[in-house]
Protein chains: 2
Amino acid sequence: MPRPRSLTPDRLAAAALAVIDRDGLAALSMRTVARELGMSPMGLYRYVSDREELEGLVVDRVLGDLDTTPPAADAPWRDRIETMVGRLRDAVVRHPEAIQLTLTHRHRAPGGLLWSETVLGILAEAGIDGTRRVVALRALHGYVTGAIRLEHLGPLAGTGTSAIAALPEDRFPYLTQTARTAGEVGPDQEFFGGLRLLLRGLDG
Amino acid sequence: MPRPRSLTPDRLAAAALAVIDRDGLAALSMRTVARELGMSPMGLYRYVSDREELEGLVVDRVLGDLDTTPPAADAPWRDRIETMVGRLRDAVVRHPEAIQLTLTHRHRAPGGLLWSETVLGILAEAGIDGTRRVVALRALHGYVTGAIRLEHLGPLAGTGTSAIAALPEDRFPYLTQTARTAGEVGPDQEFFGGLRLLLRGLDG
DNA sequence: CCTCGTAGGCGTACGGCGTACTCCTACTAG
DNA sequence: CTAGTAGGAGTACGCCGTACGCCTACGAGG
């Protein structure tokens, strides 16, 4: 009966993501997305009820190309978890300007839920059950999101390291020394190094 | 020569924090803080150059009552780290509405730096050096900030758990089951349980 | 074929935001 | 006493999210 809808939620998400990728997260607004689509600002409200909902669509899209199929079962379970974590990190980092959005809305996106489901399966196969599994999943979530945030929005990314290196050495001997050493450690080594600490602790 | 300043940065931070604690983070604006202080909106700009700088002052204040003195040296080093992490968590959570602010600006506040310094000292005493220490500190940062965020802003806080429990059980068998088990795990058990996984992995 | 209900699309408007700029006032160090 | 600075108020601009109302194009029911 009605006039057909001229936009899909996915096209809307694509437009929003284009704005973010091009002009940064701060540039995201109902108005800029509407401009991107060549329609009037208020037009968006027929597809989302809210800016929040639009953000949700963006996250759906970012996590849409997150591979959540279980990795080859013959690999050790810790390697499989690393694979899953690496996939998540890759998908998130592929849109650096959207990281904040992705991490805060991750739990509402289908992709994020499927990811958790797969990880829980691996943990189960590793013999981790009950409350131990709950704690393990949450610890992984906490570490992964925290570490990604740290890597891309935190103090050691960009200007932060030099600021720390400039601290008074007598009051912050360890911190200044550590900042110097930090230069030798690449992002991947740091990220997966920390993850392996956590995975090692999951044993026994 | 000049007329004396009528405000201290700390009073400004206190006013901003009062607004946040009372009306939530979304209510924080130059205008509301000015109202809180009974002055005109533009008056604030003689004390801060920026909203960002005001947020920094707030974080300074929140982390101001964070105890960064090294814990009693006779305790095992892992317990001492737990103490430090617990103190940070307590200080951050004392102003729940400001958590987002506190965690994102933590690295610029003196309290946050002192905390890192103390933690690095403990790690050093535990014989952890060089790149291993860098990785350890970053992993701790990542986990702690991620876990606090998860606990207070994430999916399992508030409405999230029930949303997960309502997922189709055939597509998310592990997730729905885990959500049920999650009810039995208290926040502290979860937080420190995850932390202990990490600390256990730091050995050897 | 006509008509009617719905979705599309546009424009206007409101209250809030951060902040640039201007003007006058009150104070105090010389 | 005077000069110079900080305090304080006001106005203004260009953003923001979004409530609301109007006309238009379409396609299914009569």
Side-chain angles (χ1 to χ4, degrees), chain A residues 1-61 97-98 100-102 104-105 108 153, chain B residues 1-61 97-98 100-102 104-105 108 153:
Chain A
M1 230 197 267
R3 182 175 176 175
R5 296 178 85 76
S6 57
L7 230 58
T8 63
D10 209 66
R11 255 192 55 65
L12 208 161
L17 196 50
V19 170
I20 294 173
D21 285 341
R22 177 168 16 93
D23 302 324
L25 184 56
L28 181 73
S29 79
M30 303 302 276
R31 287 167 154 91
T32 52
V33 174
R35 253 200 299 280
E36 183 80 15
L37 288 165
M39 66 197 301
S40 91
M42 295 309 296
L44 302 187
Y45 285 92
R46 252 167 296 110
Y47 297 90
V48 291
S49 66
D50 223 58
R51 182 203 163 112
E52 176 113 359
E53 199 172 314
L54 189 153
E55 293 179 354
L57 289 181
V58 171
V59 175
D60 279 4
R61 183 163 236 270
E97 286 290 340
Q100 230 173 23
L101 230 53
T102 311
T104 34
H105 292 338
R108 278 182 259 166
L153 311 164
Chain B
M1 230 197 260
R3 180 175 177 176
R5 294 178 86 77
S6 58
L7 229 57
T8 63
D10 208 65
R11 254 190 58 63
L12 208 160
L17 196 50
V19 170
I20 293 173
D21 285 340
R22 179 169 13 94
D23 302 323
L25 184 57
L28 181 73
S29 79
M30 302 303 276
R31 288 166 153 94
T32 53
V33 174
R35 253 199 300 280
E36 182 81 15
L37 289 165
M39 65 198 298
S40 92
M42 295 309 295
L44 302 186
Y45 285 91
R46 253 167 295 112
Y47 296 90
V48 291
S49 67
D50 222 59
R51 181 204 163 110
E52 176 113 358
E53 200 172 313
L54 189 153
E55 292 179 354
L57 289 181
V58 171
V59 176
D60 279 5
R61 183 163 235 270
E97 286 290 340
Q100 227 171 31
L101 229 54
T102 310
T104 35
H105 292 337
R108 277 182 261 166
L153 311 163

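Reminder, nothing fancy here: chain letters follow the sequence lines and each chain counts from 1.
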Subject >> Nucleotide C:dA7, atom P - distance to CG of A:Leu12 in whole Å >> reply: 17 Å
Subject >> Donor-acceptor contact below 3.5 Å, side chain A:Arg51 vs main chain A:Leu28 >> reply: yes
Original post:
Hey, does the side chain of B:Arg46 come within less than 4.0 Å of D:dG7's phosphate (OP1/OP2), counting only N and O?
Top reply: yes
Original post:
Using a cut-off of less than 4.0 Å, is there contact between a side-chain N or O of A:Ser6 and OP1 or OP2 of C:dA7?
Top reply: no
Original post:
What's the CG-P distance between A:Leu7 and C:dG8, to the nearest Å?
Top reply: 9 Å
**OP:** To the nearest 0.5 angstrom, please state how far the CG atom of B:Leu25 sits from the CG atom of B:Leu153.
**Re:** 9.5 Å
Original post:
For A:Leu54 and D:dT18, what is the distance between atoms CG and C1' respectively, to the nearest whole Å?
Top reply: 13 Å
Subject >> Approximate separation, where rounding is to 0.5 Å, of A:Asp60 CG and A:Leu17 CG >> reply: 11.5 Å
Original post:
For B:Leu44 and D:dA6, what is the distance between atoms CG and P respectively, to the nearest whole Å?
Top reply: 17 Å
**OP:** For atom CZ of A:Arg22, decide whether the heavy atoms of other residues, nucleotides or ligands shown that lie under 6.0 angstrom number more than 12.
**Re:** yes
Subject >> Any donor-acceptor pair under 3.5 Å from A:Tyr47 side chain to A:Leu12 backbone >> reply: no
**OP:** Heavy atoms under 4.0 Å is the rule here; annotate nucleotides 16-26 of chain C 5' to 3' with B where the base is hit, S where only the sugar-phosphate is, and - elsewhere.
**Re:** -BBBBB---BB
Original post:
With respect to B:His105, which candidate in B:Glu55, B:Glu52, B:Gln100 satisfies the side chain to side chain donor-acceptor pair (under 3.5 Å) definition?
Top reply: B:Glu55
